[in-house]
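Keep in mind the model is a prediction, meaning the values are calculated, not measured. Side chains are part of it too, since the values below use all heavy atoms of this structure and drop only hydrogens, waters and symmetry mates. The chain is numbered in sequence order, starting from 1.
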Amino acid sequence: MGYSKNKLKKKNFLKVMFVVLLLLLIAGITILVLANTEDMLTIGSISDKSNNVSDDIAKNSKPIIIDNIIVGAVYNHEFVSANKYLSYSSNKVNTEMNVYTSRGKNGTFKINSITKNNTYTQALTSSINVTEEYFAIPSSDVNAMPIVPIQVDATDEDYKAVKDALGKYRLLNNSINISSVYDVSVNLNDTYKIMCVTSSKNDKGIYSAVIFTNSNRTKSKIIKYSYVKDKENASSWPIYSFEFAADLNGDGNSEIMIREINESEVKYDILEYDNNSNNFVEVLSAIVQLEEND
């Protein structure tokens with residue numbers, strides 16, 4: 001006597017559930033093995049497309065500056081790495097830049113000189129006000145930050161979104177401390193929350209992360225995540241902070257700017273939303289070595 005349709009459906013459902021549970025088990029074991037064999041685990045997507053632009057794009061590019069550091073450049077909606085900009089571009093000294101702070105557009109300045117250091121390139125500008133964190137992009141009539149990101153209080157729904165995004169990495173450390181939450185308009189249709197998160201227990205096995213979730217919290221993902229087994233012996237372990245969100249390449253979509261700080265360096269990251277991966281991907285970055293105190 002053959003199976004009924006209901007019995008067959010139930011059997012197929014059980015098979016699917018078994019495969020799902022097996023994959024979750026394998027993922028969990030993999031995470032735990034990595035945690036016990038590696039001192040640090042870092043998650044985040046990085047694109048190399050800014051290094052692969054044409055020489056013509058690089059020649060016409062103008063810089064993107066964060067706190068006097070040239071992070072890269074842009075031309076015709078394309079991002080250009082700092083190295084290609086420095087090697088090819090004719091737009092250096094006297095280039096006029098629009099300046100933005102956490103309050104929005106804040107005037108203009110010109111580049112007076114550019115100095116190449118070991119790990120980064122610094123721009124000396126005509127502005128004397130360098131006490132406030134800022135970013136600057138090529139001068140334009142278009143406001144790159146028409147909607148300024150707003151810092152808001154974390155809600156219970158935000159904590160649930162972080163749990164969903166962390167997923168299997170919660171096996172490493174299950175605690176959650178949301179240090180900051182920002183409402184960010186990526187474009188006219190999409191608004192996200194960008195959340196900076198750390199573990200709430202300051203002991204072995206801690207993490208720092210940047211998470212985004214959409215307005216109705218149906219999609220939550222890790223942008224950057226770094227876990228370290230032993231903080232006391234992890235000088236390269238970074239803590240992340242959100243800095244700005246603005247349309248840096250004039251394509252109608254905002255990029256986000258994140259800062260990574262560890263014991264020896266500061267890293268500035270620019271990330272754009274990638275529709276293929278449905279996540280933010282790092283497209284430009286610059287590293288500044290911190291001076292050691294005597």
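In this structure the side chain of Asn118 never reaches within 4.5 angstrom of the side chain of Gln289, judged on heavy atoms. Here the side chains of Ile211 and Ile222 are in contact, with some heavy-atom distance below 4.5 Å. The closest side-chain heavy-atom distance from Trp237 to Ile206 is below 4.5 Å. Proximity of Ile223 to Ile258: side-chain heavy atoms (C-beta onward) are separated by under 4.5 Å at one or more points. Two residues are said to be in side-chain contact when any heavy atoms from C-beta on lie closer than 4.5 Å; Met97 and Thr125 fail this criterion. Looking at Ile239 and Arg259, their side chains never come closer than 4.5 Å, going by heavy atoms from C-beta outward. Side-chain atoms of Leu41 and Leu172, non-hydrogen and from C-beta on, do get closer than 4.5 Å to each other. Contact annotation: the side chain of Lys84 approaches that of Val53 to within less than 4.5 Å [non-hydrogen atoms, C-beta and beyond].
The main-chain N or O of Thr95 is never found under 3.5 Å from a side-chain atom of Lys62 such that the two would form a donor-acceptor pair. Using a distance-only test at 3.5 Å, with no hydrogens or angles considered, no donor-acceptor pair links the side chain of Asn187 to the main chain of Asn253. Between the Ser50 side chain and the Val283 main chain, a donor and an acceptor come within less than 3.5 Å of each other. For Asp158 (side chain) and Thr155 (main-chain N/O), a donor-acceptor pair under 3.5 Å exists by modelled atom type. Remark: the backbone N or O of Leu248 is paired with a side-chain donor or acceptor of Glu255 at under 3.5 angstrom. Looking only at distances, no side-chain donor or acceptor of Asp251 sits under 3.5 Å from a matching main-chain atom of His77. Using a distance-only test at 3.5 Å, with no hydrogens or angles considered, no donor-acceptor pair links the side chain of Ser175 to the main chain of Ser199. With hydrogens and angles ignored, the 3.5 Å screen pairs a side-chain donor or acceptor of Ser126 with a backbone N or O of Lys110. Judged by distance alone, the side chain of Asn91 and the main-chain N or O of Ser61 form a donor-acceptor pair under 3.5 Å.
Residues Leu124 and Phe109 do not share a hydrophobic cluster, clusters being chains of Ile/Leu/Val/Met/Phe/Trp/Tyr side chains in contact below 4.5 Å. A chain of hydrophobic side-chain contacts below 4.5 Å, direct or via other Ile, Leu, Val, Met, Phe, Trp or Tyr residues, connects Phe244 to Ile64. Under a hydrophobic-cluster definition in which Ile, Leu, Val, Met, Phe, Trp and Tyr are linked whenever side-chain heavy atoms come within less than 4.5 Å, directly or via other members, Tyr240 and Leu271 are assigned to the same cluster. Both Ile261 and Ile270 belong to a single network of hydrophobic side chains, linked directly or stepwise wherever heavy atoms of I, L, V, M, F, W or Y lie under 4.5 Å apart. Taken together through direct or relayed side-chain contacts under 4.5 Å among Ile, Leu, Val, Met, Phe, Trp and Tyr, Val148 and Phe135 form part of one hydrophobic cluster.
In this structure, a donor-acceptor pair under 3.5 Å is absent between the side chains of Ser87 and Asn83. For the residue pair Ser264 / Asn262, a side-chain donor-acceptor distance below 3.5 Å is found, with atom types taken as modelled. Between the side chains of Ser220 and Thr213, at least one donor-acceptor pair of N or O atoms lies under 3.5 Å. Asp56 and Ser54 form no side-chain donor-acceptor contact under 3.5 Å, judged by distance and modelled atom types alone. Side-chain contact check for Tyr134 and Asn68: at least one donor-acceptor pair (N or O, by modelled atom type) lies under 3.5 Å.
Applying the 6.0 Å contact sphere to NZ of Lys116 captures more than 12 heavy atoms from other residues, nucleotides or ligands. Crowding of Tyr159 atom OH: a count of heavy atoms from other residues, nucleotides or ligands under 6.0 Å exceeding 12. Counted within 6.0 Å of CG on Asn278, heavy atoms from surrounding residues, nucleotides or ligands total more than 12; the atom is thus considered enclosed. In this structure, Asn216 places its CG atom where more than 12 heavy-atom neighbours from other residues, nucleotides or ligands lie under 6.0 Å away.
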Stepwise side-chain contact (heavy atoms from CB on, under 4.5 Å) test for Val74 and Ile137
CA-CA 8 Å; Val74 63; Ile137 58 175; 5.7 Å; no
Between Val142 and Asp247, does the side-chain contact (heavy atoms from CB on, under 4.5 Å) criterion hold? Intermediate values first, please.
CA-CA 10 Å; Val142 179; Asp247 183 4; over 6 Å; no
side-chain contact (heavy atoms from CB on, under 4.5 Å) between Val266 and Ile69: does it pass, once the steps are laid out?
CA-CA 11 Å; Val266 177; Ile69 305 301; over 6 Å; no
Apply side-chain contact (heavy atoms from CB on, under 4.5 Å) to Val80 and Ile57, showing your working.
CA-CA 8 Å; Val80 179; Ile57 292 290; 3.8 Å; yes
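With values rounded to the nearest 0.5 angstrom, Asn98 atom CG is found 11.5 Å from Ile65 atom CD1. Between the OG1 atom in Thr198 and the CG atom in Asn177 there is a gap of 4.0 Å [rounded to 0.5 Å]. Of the inter-residue distances, the one linking Ile111 atom CD1 with Ser127 atom OG reads 12.5 Å to the nearest 0.5 angstrom. Atom OG of Ser200 sits about 9.0 Å away from atom CG of Asn174, to the nearest 0.5 Å. The CG atom of Asn279 lies 6.0 Å from the OG atom of Ser45; values are rounded to the nearest 0.5 Å. In this structure, CG in Asn94 is found 10.5 Å from OG in Ser113, a value given to the nearest 0.5 Å.
The two residues Ser236 and Met40 come nearest to each other via the heavy atoms OG-CE, 3.6 Å. Shortest non-hydrogen contact noted between Lys221 and Ser277 is NZ-O, 2.9 Å. Minimum heavy-atom separation, Asn143 to Met145: OD1-N, 2.9 Å. Summarising the geometry of Val184 relative to Ala245, their closest heavy-atom pair is CG1-CB, 3.5 Å, with the distance given to 0.1 Å. Of all heavy-atom pairs between Leu284 and Ser81, the closest is CD2-CA, 3.9 Å. Across every non-hydrogen atom of Thr191 and Ser185, the tightest pair is OG1-OG, 3.9 Å.
Under a 4.0 Å N-O distance rule, the pair Asp164/Lys160 qualifies as a salt bridge. Contact check on Lys49 versus Glu272 returns a salt bridge, with a Lys/Arg side-chain nitrogen under 4.0 Å from an Asp/Glu carboxylate oxygen. Salt bridge present: Lys224 and Asp269 bring a charged side-chain N and a carboxylate O closer than 4.0 Å. Contact check on Asp190 versus Lys219 returns no salt bridge, with no Lys/Arg side-chain nitrogen under 4.0 Å from an Asp/Glu carboxylate oxygen.
With Tyr207 as the partner, the ring-ring contact (aromatic ring centres under 6.0 Å, His included) test is satisfied by one option alone out of Tyr227, Tyr225, Tyr169: Tyr225.
Outside the 6.0 Å centre-distance limit, the rings of Tyr120 and Tyr268 are not counted as a close aromatic pair.
Under the 30°/60° scheme for interplanar angles, the aromatic rings of Phe280 and Tyr273 are found to stand perpendicular. Between Phe242 and Tyr182, the ring-plane angle classifies as tilted under the 30° and 60° cut-offs.
Cation-pi contact between Lys92 and Tyr85: present, with separation from the ring centre below 6.0 Å and deviation from the ring axis of at most 45°.
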